[in-house]
Amino acid sequence: TIGLVAVDKNGDVAAGTSTNGAKFKIPGRIGDSPIPGSGAYADNTVGGAAATGDGDVMLRFLPSFLAVEEMRRGASPNKAARTAIQRIVSHYPSFSGAVIALTKDGEYGAACHGIQTFPYVVQDNTRETSEVISINC
Amino acid sequence: DSNIPIVITTWNFENSTIKAWDILSEGGSSLDAIEKGATVCEVQQCDGTVGFGGSPDEDGETTLDALIMDGRTMNVGAVGALRRVKSAISVARHVLEHTKHSFLVGDQATQFALQMGFKEETLVTPDSKKLWMKWHNEDHCQPNFWMNVQPNPNEYCGPYRKLDTHGKHKNFYKKSEREQKRIVVDEFNHD
């Protein structure tokens, strides 16, 4: 899956995902990626978020929605993403996945669990080229 | 201080980020950035986890899921289990812009895409067929997502029939779903 969150020069936030899902899934199965609030979520008044990982588990917790709501309550993107991941981990300790979060003002962060490192990519006006940021899970 | 425009993307798919940034830096909309950025991954089959020719299902077919959400209007366009159409994120954008719905799935999503002018073509490639053949013939359909069925899905391929978990087989699977080992998620296998 790729998950993306963007804010344009007008301050409009959008988010999205595209995926071919899990290998050898039962035909007809979909994961979290196309579910609003799960795979991705966006709200101009706050920002946006996107998630990736074990979609059968993730879609039960709407992690992208939760991350955005945490940012609405004043959490930093890193903290918001961590809260969304922790909500899942508290029920499924062996779950694997990650959440990225971005505020409407361009502050970003991520959190992950169950994989060694999780890379995500950022591009903004402060960088000449895109930057890959890897976080330890 | 505001740091916009900006785009962030999951995993190490820089080409998608670069495309999205090109659109944003030229004054384009965040919706366009999301659609065009994701399209790059669909075309380049990022790590086999996006687009055609990856993650075959139990029948060897690749199907696609995509979502796009507009944070200004809270409008959503999404497709699930989209069959035989490569441009999943663009079909989702068409759901957003040309319907009052949010989410179309399966063959009906394909029919919608065809009405919108998208091309119908197989999403199976020689690589995805080879991957499926190995899983089915050499790995005996392991791993898979079945439970409480017979024959034992941990050893055999289907077709399966349900196991009577309240009768004589009630102790066959002692672990609850929560306790069972989950499929390994890594950079090459994830939603």
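Just so we're on the same page: letters track the sequence lines, and every chain starts at 1.
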Does any backbone or side-chain atom of [X] lie under 4.5 Å from a heavy atom of chain A? Answer side chain, backbone, both or neither.
| X | value |
| --- | --- |
| B:Val105 | neither |
| B:Cys46 | neither |
| B:Met74 | side chain |
| B:Leu24 | side chain |
| B:Ile18 | side chain |

>> Under 4.5 Å from any heavy atom of chain B, what part of A:Ala110 do you find: side chain, backbone, both or neither?
In response: neither

>> Tell me which one of A:Ile100, A:Thr17, A:Leu4 satisfies side chain to side chain contact (heavy atoms under 4.5 Å, CB included) with B:Thr10.
In response: A:Ile100

>> If we check side chain to side chain contact (heavy atoms under 4.5 Å, CB included) with B:Ile6, which of these qualifies: A:Asn125, A:Thr126, A:Val122?
In response: A:Val122

> Do A:Ile26 and B:Trp146 have side-chain heavy atoms sitting under 4.5 Å apart?
Replying inline: yes

> Under 4.5 Å between any side-chain heavy atoms of B:Ser2 and A:Asp105, yes or no?
Replying inline: yes

> Can you name the one residue among A:Lys23, A:Lys25, A:Arg29 that meets salt bridge (charged side-chain N to carboxylate O under 4.0 Å, His left out) with B:Asp191?
Replying inline: A:Arg29

>> One pair to check against side-chain hydrogen bond (donor to acceptor under 3.5 Å, both in side chains): A:Ser130 and B:Glu14. What are the steps and the verdict?
In response: CA-CA 7 Å; A:Ser130 58; B:Glu14 279 191 277; 2.8 Å; yes

Would you mind telling me which of [options] has the largest number of heavy-atom pairs within less than 4.5 Å of chain A?
| options | value |
| --- | --- |
| B:Leu67, B:Ile34, B:Asn3 | B:Leu67 |
| B:Ile8, B:Leu82, B:Val185 | B:Ile8 |
| B:Gly48, B:Ser102, B:Cys141, B:Ala92 | B:Gly48 |

>> For A:Thr19 versus B:His190, what's the shortest heavy-atom pair and its separation?
In response: OG1-O, 4.0 Å

>> If you compare all heavy atoms of A:Phe24 against all heavy atoms of B:Leu131, which two are closest, and at what distance to 0.1 Å?
In response: CZ-O, 3.9 Å

